[in-house]
Novice: 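Here it is: the structure, laid out below.
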Number of protein chains: 2
Amino acid sequence: MLKYQQIAIEIEKFIEDHTLQQGDKLPVLEKLMTQFEVSKSTITKSLDLLEKKGVIFQVRGSGIFVRRHKRKGYISLLSNQGFKESLEDFNITTKVIELEVRKPTQEAAHNLNIEPDNDVYYVKRVRYINGQTLCLEESFYNKSIITYLNKEIVSESIFNYIREGLGLKVGFSDLYLRADKLKEEEAKYLGLKKGEPKIYVETIFHLTNGQPFDFSKVSYNYEQSQFFIQANSHFL
Amino acid sequence: MLKYQQIAIEIEKFIEDHTLQQGDKLPVLEKLMTQFEVSKSTITKSLDLLEKKGVIFQVRGSGIFVRRHKRKGYISLLSNQGFKESLEDFNITTKVIELEVRKPTQEAAHNLNIEPDNDVYYVKRVRYINGQTLCLEESFYNKSIITYLNKEIVSESIFNYIREGLGLKVGFSDLYLRADKLKEEEAKYLGLKKGEPKIYVETIFHLTNGQPFDFSKVSYNYEQSQFFIQANSHFL
DNA sequence: GAGTGGTCTAGACCACGAC
DNA sequence: TCGTGGTCTAGACCACTCG
């Protein structure tokens, strides 16, 4: 574990343990440097990480403050992988509808940046939150990267398996979102009516080296799903 | 202008000018250091900025590569202020429905962190993209921060005015998103039917010092609006 | 093993905010 | 004016990728 990561974790823990609220002030840089016995830039790096995560904000000439959003039960659109973090207090279960190796659709091949005759794992699942339908998910995994999947893996967290089991490093993802009307079949899986609203999200997941390995299409039950994003305007 | 910002802009310009594509390699750190005549950490800071913006990704032991999302016409949910950047090729116009000083709703007061008897500017607008309705927006501005607004300002970019006119610095924002059915009145403004889908977004905008100054509620025309997010999984 | 990005240090100096 | 965070440097050393 790197120093600046460790320190970030400890500061976050400090905020949790003391149940600090939005706007509460943290110790000054000088203090943190001596406390953790590291140089200024290391502390700065930790704080930048926490700022990116939306945990704190820094004000020049004034101090370092806790940033908190007030609402619970929202799915973070930034924390890349799964619902675990944002919905950890909720009971998420999964039903696998389909799992097989096949040739990709043209759309999937394009988004995964592979040829139409390369193999993909196709996974179709319904996910539930506290017994209610949360979403219907179709995913295409590049089989030359995700070399093996089975029903057991796919019933649990696929991303944990990718990291722990396959030893791959998940990097960045591109996420496209819109609203639309539910189609007959989607409505059936979600227990809603055709024509009712859905949030529809397509995501392309990449490894740290930039290779896309997963293209997924998810339709959310609008009654059960709400999302949040913490944005920073550092870039101009 | 700070060095690392300037360099970030120039690198981004370089990518534009040479129409580099996803995965194309940029010059190595060493090269960039000598080219811009700065130290390693300054270049690193520029690159981190561009990475956060989703312009590049860095791979240890390998190089610095261009990151591009392929789709056009999506509204970025991260670039905090307005549509300008993501929809700059489109013609955005605005119709002001209402503009007045009033007392906040309980909801607005809570989100702006003010008392119910403090004044707010209430602004209701419809925004159009290429002549089609894009969204219906209601905003509450804390009048003790945004001291003055008029119809002219509100017809244009309010955020430009806040920055240039009032000299305020916009910091971070919290954004809550879900799908829902259009109500009668909303449907009328958007030219859609009651019960059709909408994307509904509430946003709380803060100054760099953490003060919330704008609480806004926006209903998007689902036929005209699609969103994208570039996520990084640096945090663990 | 060569090449390349990432971490970390110690310290000088700068810019903003609050009093 | 002082306290506080932000920028920038020069350089040592580390860790990953790839041929």
Side-chain angles (χ1 to χ4, degrees), chain A residues 1-9 11 23-52 56-67 145 167-172 207-211 232-236, chain B residues 1-9 11 23-52 56-67 145 163 167-172 206-211 232-236:
Chain A
M1 177 71 68
L2 297 165
K3 278 192 190 178
Y4 80 92
Q5 289 178 331
Q6 186 58 44
I7 292 170
I9 289 170
I11 293 176
D24 285 354
K25 197 167 183 294
L26 291 176
V28 300
L29 268 181
E30 184 69 35
K31 190 103 181 278
L32 294 170
M33 283 169 63
T34 57
Q35 177 179 339
F36 290 106
E37 296 181 299
V38 292
S39 74
K40 186 169 177 176
S41 7
T42 302
I43 286 291
T44 298
K45 190 127 201 238
S46 301
L47 295 172
D48 286 349
L49 187 63
L50 290 172
E51 191 160 48
K52 205 157 63 176
I56 60 162
F57 62 95
Q58 301 177 72
V59 185
R60 161 139 51 177
S62 181
I64 304 156
F65 304 91
V66 174
R67 176 176 178 192
I145 300 174
L168 297 172
K169 271 174 289 181
V170 177
F172 54 91
L207 299 178
T208 45
N209 69 8
Q211 271 194 308
N232 295 300
S233 55
H234 292 146
F235 27 95
L236 312 202
Chain B
M1 176 73 67
L2 298 165
K3 278 193 191 178
Y4 81 91
Q5 290 178 331
Q6 187 58 45
I7 291 170
I9 290 170
I11 293 176
D24 285 353
K25 196 166 184 295
L26 291 176
V28 300
L29 268 180
E30 184 68 36
K31 191 103 181 278
L32 294 170
M33 284 169 64
T34 57
Q35 178 180 338
F36 290 106
E37 296 180 300
V38 292
S39 74
K40 187 169 176 176
S41 6
T42 302
I43 286 290
T44 298
K45 191 128 200 236
S46 302
L47 294 172
D48 287 348
L49 188 63
L50 291 173
E51 190 161 47
K52 207 157 60 176
I56 60 162
F57 60 95
Q58 302 177 71
V59 186
R60 168 154 25 194
S62 179
I64 303 155
F65 303 90
V66 174
R67 176 176 179 192
I145 300 174
R163 275 191 301 265
L168 296 172
K169 270 174 289 181
V170 177
F172 54 92
H206 306 253
L207 299 177
T208 45
N209 70 7
Q211 271 194 309
N232 294 301
S233 54
H234 291 145
F235 26 96
L236 315 201

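Protein chains get the first letters and strands the later ones, always in sequence-line order, with residue 1 at the start of each.
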Novice: If you assign each of B/V28 and B/T208 to its closest nucleotide in DNA chain C, which residue comes earlier from the 5' end?
Specialist: B/V28
Novice: With a 4.0 Å limit, can you tell me whether B/Y4 has a side-chain N or O closer than that to the phosphate oxygens OP1/OP2 of D/dC8?
Specialist: no
Novice: If you check the A/K3 side chain, which of D/dA15, C/dA18, C/dT9 turns out closest?
Specialist: C/dT9
Novice: A/M1 has an atom CE; how far is it from atom P of C/dT7, in whole Å?
Specialist: 13 Å
Novice: Looking for any heavy atom pair under 4.0 Å, which part of the strands does B/K169 touch: base, sugar-phosphate only, or nothing?
Specialist: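 The residue B/K169 makes sugar-phosphate contact but no base contact.
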Novice: With a 3.5 Å cut-off and just heavy-atom distances, do the side chain of A/K45 and the base of C/dG6 make a donor-acceptor pair?
Specialist: no
Novice: In whole angstrom, what separates B/I43's CD1 from C/dT7's P?
Specialist: 16 Å
Novice: Find the distance between OG (B/S46) and NZ (B/K3) and round it off to the nearest 0.5 Å.
Specialist: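 Spacing of OG (B/S46) from NZ (B/K3) equals 10.5 Å.
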Novice: Please report, rounded to the nearest Å, how far the P atom of C/dT7 is from the CG atom of B/L47.
Specialist: 13 Å
Novice: Keeping A/Q58 on the side-chain end and A/E51 on the backbone end, is there a donor-acceptor pair under 3.5 Å?
Specialist: no
Novice: Rounding to a whole Å, what distance do you find between B/I56:CD1 and C/dG6:C1'?
Specialist: 13 Å
Novice: Looking at C/dC13, C/dC8, C/dG5, which one has an atom nearest to any side-chain atom of A/T42?
Specialist: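 For the A/T42 side chain, the nearest candidate turns out to be C/dC8.
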Novice: If I take atom CG in residue A/D48 and atom P in nucleotide C/dT7, what distance separates them, rounded to the nearest angstrom?
Specialist: 12 Å
Novice: Measure from CE on B/M33 to C1' on D/dC8 and round the result to the nearest Å.
Specialist: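 It is 12 Å, rounded to the nearest whole Å.
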Novice: What is the distance, rounded to the nearest whole Å, between atom CG of B/L2 and atom P of C/dC14?
Specialist: 13 Å
Novice: Over all strands shown, is B/I64 touching base, sugar-phosphate only, or nothing at heavy-atom distances under 4.0 angstrom?
Specialist: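 Sugar-phosphate, no base atom in range.
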Novice: Closest approach to the side chain of B/K40, judged atom by atom: which nucleotide of C/dA12, C/dA18, C/dG5 is it?
Specialist: C/dG5
Novice: Hey, is the side chain of B/S39 poking within less than 4.0 Å of OP1 or OP2 on D/dT9, counting only N and O atoms?
Specialist: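 For D/dT9, OP1 or OP2 has a side-chain N or O of B/S39 closer than 4.0 Å.
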Novice: Could you check B/S41 against A/E30 and say which one's nearest nucleotide on DNA chain D is further toward the 5' end?
Specialist: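 Checking each residue's closest nucleotide, the 5'-ward one belongs to A/E30.
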Novice: With side chains defined as the heavy atoms from C-beta onward, is the minimum distance between B/I43 and B/K40 less than 4.5 Å?
Specialist: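 SC-SC contact between B/I43 and B/K40 ruled out.
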Novice: What's the CG-P distance between A/L32 and D/dG6, to the nearest Å?
Specialist: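 Between P of D/dG6 and CG of A/L32: 12 Å.
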Novice: If the condition is ring pair (Phe, Tyr, Trp, His ring centres under 6.0 Å), which residues does A/F65 pass it with, not counting sequence neighbours?
Specialist: A/F57
Novice: In this structure, which one of B/L32, B/I11, B/V28 forms a side-chain contact (heavy atoms from CB on, under 4.5 Å) with B/I64?
Specialist: B/L32
Novice: To the side chain of B/R60, which of C/dG5, C/dC16, C/dC8 is closest?
Specialist: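 When the side chain of B/R60 is considered, C/dG5 is the closest of C/dG5, C/dC16, C/dC8.
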Novice: For DNA chain C, whose closest nucleotide is more 5', that of B/N209 or that of A/V38?
Specialist: A/V38
